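Written below as structure tokens is the structure these notes are about.
Being a predicted model, the structure only gives us computed values, none of them experimental. Scope of the values below: all heavy atoms of this structure, side chains included, with no hydrogens, waters or symmetry mates.
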Amino acid sequence: MAARLIDGKALAQSIRDQIAKDVAELHARSGIRPGLAAILVGEDPASNLYVKHKEKACHEAGIYVDDHRLSSATTQAELLALIEKVNADPKVHGILVQLPLPKQIDSKVVLEAVLPHKDADGFHPYNVGRLVEGMALFTPCTPKGIIKMIESTGEAIEGKRAVVLGRSNIVGKPTALLLMHRNATVTVCHSKTKDLAARCREAEILVVAIGKPKFVTGDMVREGAVVVDVGVNRLEDGKLVGDVEFGPVSERAGWISPVPGGVGPMTIAMLLENTFESAKRSAGIA
Ligand code: GUN
């Protein structure tokens, strides 16, 4: 079977086009312009690029960007002072603190300092707890995008056997919760899982977020499965690849998302969506 492509790039663009229209309408109706504070600490080239893409997407959608680039020597106290400032700024409806943060800063303390109702990434423990209950103010962007990608295939999630490879707080755990909320039967696999290949082969939906280039090979995938590749790995030759060996897996899967052009663009679209929804909530519009 030759897999069909889950075109995250095209899906993300159509969502961004719709958000741009909705932002213009909200502004015309209520005078409110959604705003995102983007905070980047340090000079990590990948993080720099991610934040640049996020800000460009905001500009294109008519979302105001409050941009903060801080040096890698920034102290925790300095970052917390900035977060206090953007927490109090009525022009800001969403706050993005790009991860990872430099070693001298405790990410947990920083993420907890973001006001839960401005937590556009959904990383604050309040929103994590609400996510467990199925009623988060903000759903983390990458998992939210993954679900939309699976839904875009037209394949049902309910009743399916889903395997999530990876158990990070940002991707694996929230994705497993979202799949569970949609009545999938979910297994979470990680580096200590026994018979990992066999578990993967059981999956009708396979979400791979393990951070190892080409980790999932053709023989690990069930015929007809929906495969979402969250990996972003830069090879020595500069090529960007996912965690899934695209060629062999696409011969067995029913659907597969590419890297690049899969999950990455959807993460950005979901950040815009979360910021827009937050702006509407702040205006008392459901
Ligand atoms: N680093 C890697 N992914 C993400 C993300 O979705 N949000 C933030 N803030 N940092 C990240």
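Using a 4.5 Å cut-off on side-chain heavy atoms (C-beta onward), Val216 and Glu245 make no contact. Contact of the Val97 side chain with the Asp121 side chain is not registered, since no non-hydrogen atoms from C-beta on lie closer than 4.5 Å. Side chains of Pro34 and Tyr64 form no contact here, defined as non-hydrogen atoms less than 4.5 Å apart. Two residues are said to be in side-chain contact when any heavy atoms from C-beta on lie closer than 4.5 Å; Val259 and Val230 fail this criterion. The side-chain heavy atoms of Val65 and His59, taken from C-beta on, include a pair separated by under 4.5 Å. No side-chain heavy atom of Glu204 sits under 4.5 Å from any side-chain heavy atom of Glu155. At a threshold of 4.5 Å between non-hydrogen side-chain atoms, the residues Val227 and Ser257 do not count as touching. Counting heavy atoms from C-beta outward, Gln76 and Gln104 have side chains that stay 4.5 Å or more apart.
A donor-acceptor pair under 3.5 Å is absent between the side-chain atoms of Ser47 and the main chain of Asp44, judged by distance alone. Judged purely by atom type and a 3.5 angstrom limit, Arg252 uses its side chain to pair as donor or acceptor with the backbone of Gly218. In terms of modelled atom types and a separation under 3.5 Å, the side chain of His190 and the main chain of Gly166 share no donor-acceptor contact. Checking side-chain atoms of Ser278 against main-chain N and O of Thr275 turns up no donor-acceptor pair under 3.5 Å. The closest donor-acceptor contact from the side chain of Ser14 to the backbone of Leu11 lies under 3.5 Å. Judged purely by atom type and a 3.5 angstrom limit, Asp243 has no side-chain atom pairing as donor or acceptor with the backbone of Phe215. With Arg130 contributing its side chain and Met135 its backbone, the two residues share a donor-acceptor pair below 3.5 Å. Although no hydrogens or angles enter the test, the distance criterion places no donor-acceptor pair under 3.5 Å between the side chain of Thr185 and the main chain of Arg161. The backbone N or O of Glu158 lies less than 3.5 Å from no partner atom in the side chain of Asn183, so there is not a single donor-acceptor pair.
In the hydrophobic clustering of this structure, Val41 does not group with Tyr50; members are Ile, Leu, Val, Met, Phe, Trp, Tyr whose side-chain heavy atoms approach within less than 4.5 Å, directly or through other members. Two different hydrophobic clusters hold Val232 and Val244 under the rule that ILVMFWY side chains link at heavy-atom gaps under 4.5 Å. Hydrophobic clustering places Ile147 together with Val171 (ILVMFWY residues linked when any side-chain heavy atoms are closer than 4.5 Å, directly or through intermediates). No continuous path of hydrophobic side-chain contacts links Val186 to Leu206 [ILVMFWY only; heavy atoms under 4.5 Å]. Cluster annotation: Leu165 is not connected to Val263 through the hydrophobic network of ILVMFWY side chains, with a link wherever side-chain heavy atoms come within less than 4.5 Å.
Between Lys91 and Asp89 there is a salt bridge, since a side-chain N of the basic residue sits under 4.0 Å from a carboxylate O of the acidic one. The pair Lys118-Glu84 fails the salt-bridge criterion, with no side-chain N (NZ, NE, NH1 or NH2) lying under 4.0 Å from an Asp/Glu carboxylate O. Taking the charged nitrogens against the carboxylate oxygens, Lys21 and Glu25 have no contact shorter than 4.0 Å, which rules out a salt bridge. Salt-bridge check for Glu78 with Lys85: failed, with every basic side-chain N at 4.0 Å or more from each acidic carboxylate O.
The two residues Met220 and Ala197 come nearest to each other via the heavy atoms CG-CB, 3.8 Å. Residues His68 and Val86 come closest through the heavy atom pair NE2-CG1, 3.9 Å. Closest approach of Gly62 to Arg33, counting heavy atoms only: O-NH1, 2.6 Å. Residues His124 and Val114 come closest through the heavy atom pair CD2-O, 3.1 Å. The minimum heavy-atom distance between Leu179 and Ala162, with the atom names listed, is CD1-CB, 3.9 Å. Nearest heavy atoms, Val221 versus Arg201: N-CG, 4.1 Å.
Here Thr75 contributes atom OG1 and Ile105 contributes atom CD1; the two are 7.0 Å apart, rounded to the nearest 0.5 Å. To the nearest 0.5 Å, the span separating CG on Asp66 from CG on Leu96 amounts to 11.5 Å. Taking OG1 from Thr187 and CG from Leu196, the interatomic distance works out to 11.0 Å, rounded to the nearest 0.5 Å. Remark: Leu82 CG to Ile39 CD1 distance equals 4.0 Å, nearest 0.5 Å. Taken from CD1 in Ile63 to NZ in Lys54, the straight-line distance is 13.0 Å, to the nearest 0.5 Å. Atom-to-atom distance recorded for Ile157:CD1 and Ile150:CD1 is 5.0 Å, nearest 0.5 angstrom.
Around CD of Glu60, the count of heavy atoms belonging to other residues, nucleotides or ligands within 6.0 Å exceeds 12.
Both tests hold for Arg281 against Phe138: distance to the six-membered ring centre under 6.0 Å, angle to the ring axis within 45°.
Among the candidates Pro116, Pro174, Pro140, the single residue satisfying the side-chain contact (heavy atoms from CB on, under 4.5 Å) test with Asn127 is Pro116.
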Residue pair Leu26, Phe276: steps toward the side-chain contact (heavy atoms from CB on, under 4.5 Å) verdict: CA-CA 9 Å; Leu26 178 71; Phe276 173 65; 3.9 Å; yes

